[in-house]
Amino acid sequence: MVITNWQFAAGANNAAWPILDSGGTALDAVEAAINHVELLTDEFYVGYGGSPNTLGETTLDAMIMWGPSHDAGAVGCLKRVKKAVSVARHVMERTQHTLLVGDDATRFAVEMGFVETSLTNGASLKAWTEWAVKNEKSDAWQPERRGGGQKPEGHDTVGSMAIDRQGNICVGCSTNGRTFKLPGRVGDSPIAGAGAYCDNDVGAAIATGDGDVMMRFLPTYHTVELMRQGASPEEAAREAIRRITGKGYNFDGAIVALNKNGQHGSVRIGWEGEEFGYGVQRGGESNQFSVEAM
Ligand code: ASP
């Protein structure tokens, strides 16, 4: 089975399903699901052509984690390369490292044969130009969003997790992060246990939302550990979110969790007036789940 979050779930799961259905690995399936979203021409928050930083550049964060070996690879603030999760997979499979960042991650990607190209398109240029003429500071300079503090606008992450016929679990995620972020900002997505996490003995979890807050709590690690202790996926995700609100944070975010038996659940907070959900493809059957705010 394969699970992907947000509105691009169906397309992503469709890209992954033939791989699983023909006996392929969850690793290949998750990479295919995420690549599908990274290369969508009209998706602003994942892949190229969206969420520019304050200098107008789009940079990417991504991670992939493979259950059987508990190995992970990630890139942060990756520049000028589109398939960030595939670069992350190369970090995992070709090096002893876990996370490469910035221009050095780009150099690595080019060495691995990836094409270097601009990540700017008409949509990201328009967004940045309209913002830049206002001459405002990035909301990243605002005080922390505790209590009624202002929440940052503009972010989404594709997260996918799959279980293959061998019972092996893989999880991955990719995003262009927070709109008008400060140059050099790396969010939660490439941090194992923050943006995504899996343990072959237990299950997996993916996160989306205000990464600057969420990465302080390793919420996907927390979710998986709670499932290890017997919590259902939804209970585990709820407790991981509660840990964050318990410290007073006012934020938008969601966790989707899956245990190794195929049970899944999700909890979401904030994003008032917006839809959040996830899609599940299993044994030829595809379902969408809408998640209400807690
Ligand atoms: N977590 C991502 C980030 O902060 C964005 C999101 O998923 O909404 O970079």
Side-chain angles (χ1 to χ4, degrees), residues 3-9 12 33-34 37-38 40 43-48 50-54 57-64 74-79 84-85 88 99 101-102 105 119 124 127 138-140 142 144-145 150-161 171-197 205-223 237 240-241 244 249-257 266-278 291 293:
I3 293 182
T4 302
N5 61 5
W6 287 111
Q7 68 286 354
F8 28 67
I34 294 176
V37 184
E38 288 176 327
L40 288 174
E43 170 49 48
F44 191 78
Y45 297 112
V46 176
Y48 72 100
S51 300
N53 65 16
T54 56
E57 185 174 17
T58 298
T59 62
L60 308 179
D61 293 345
M63 178 185 53
I64 196 154
V75 286
C77 199
L78 175 71
K79 301 176 177 202
V85 80
L99 171 62
V101 300
L119 300 187
S124 62
S138 165
D139 63 8
Q142 295 281 330
E144 286 291 356
R145 45 277 188 225
Q150 189 193 337
K151 296 191 281 188
E153 304 242 340
H155 41 82
D156 279 5
T157 299
V158 56
S160 284
M161 43 198 175
V171 71
C173 59
S174 181
T175 184
N176 52 34
R178 177 174 164 175
T179 312
F180 311 129
K181 60 192 175 184
L182 304 184
R185 183 261 194 190
V186 173
D188 57 332
S189 301
I191 310 297
Y197 189 72
I206 49 177
T208 178
D210 187 344
D212 292 305
V213 166
M214 295 173 83
M215 69 196 294
R216 300 171 190 175
F217 294 83
L218 297 179
T220 54
Y221 173 77
H222 192 186
T223 300
I241 297 260
I244 307 175
Y249 283 104
N250 172 34
F251 73 107
D252 296 322
I255 296 170
V256 187
S266 173
V267 169
R268 153 256 179 116
I269 187 162
W271 279 312
E272 291 80 9
E274 279 185 60
E275 285 277 309
F276 172 77
Y278 65 99
V291 182

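Order of listing sets the numbers, starting from 1, for every ligand and every atom in it.
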Contact (N/O only, under 3.5 Å) between [X] and ligand 1:
{"X": "Ala207", "result": "no"}
{"X": "Arg185", "result": "yes"}
{"X": "Asp188", "result": "yes"}
{"X": "Asp156", "result": "yes"}
{"X": "Gly209", "result": "yes"}
{"X": "Thr208", "result": "yes"}
{"X": "Thr157", "result": "yes"}

Side chains of [X] and [Y], heavy atoms from C-beta outward: is any pair under 4.5 Å?
{"X": "Thr4", "Y": "Tyr278", "value": "no"}
{"X": "Leu99", "Y": "Ile191", "value": "yes"}
{"X": "Arg178", "Y": "Asp212", "value": "yes"}
{"X": "Leu119", "Y": "Lys79", "value": "no"}
{"X": "Phe8", "Y": "Leu40", "value": "yes"}

Item to check | Side-chain donor-acceptor contact under 3.5 Å, Thr59 with Lys181 | outcome: yes

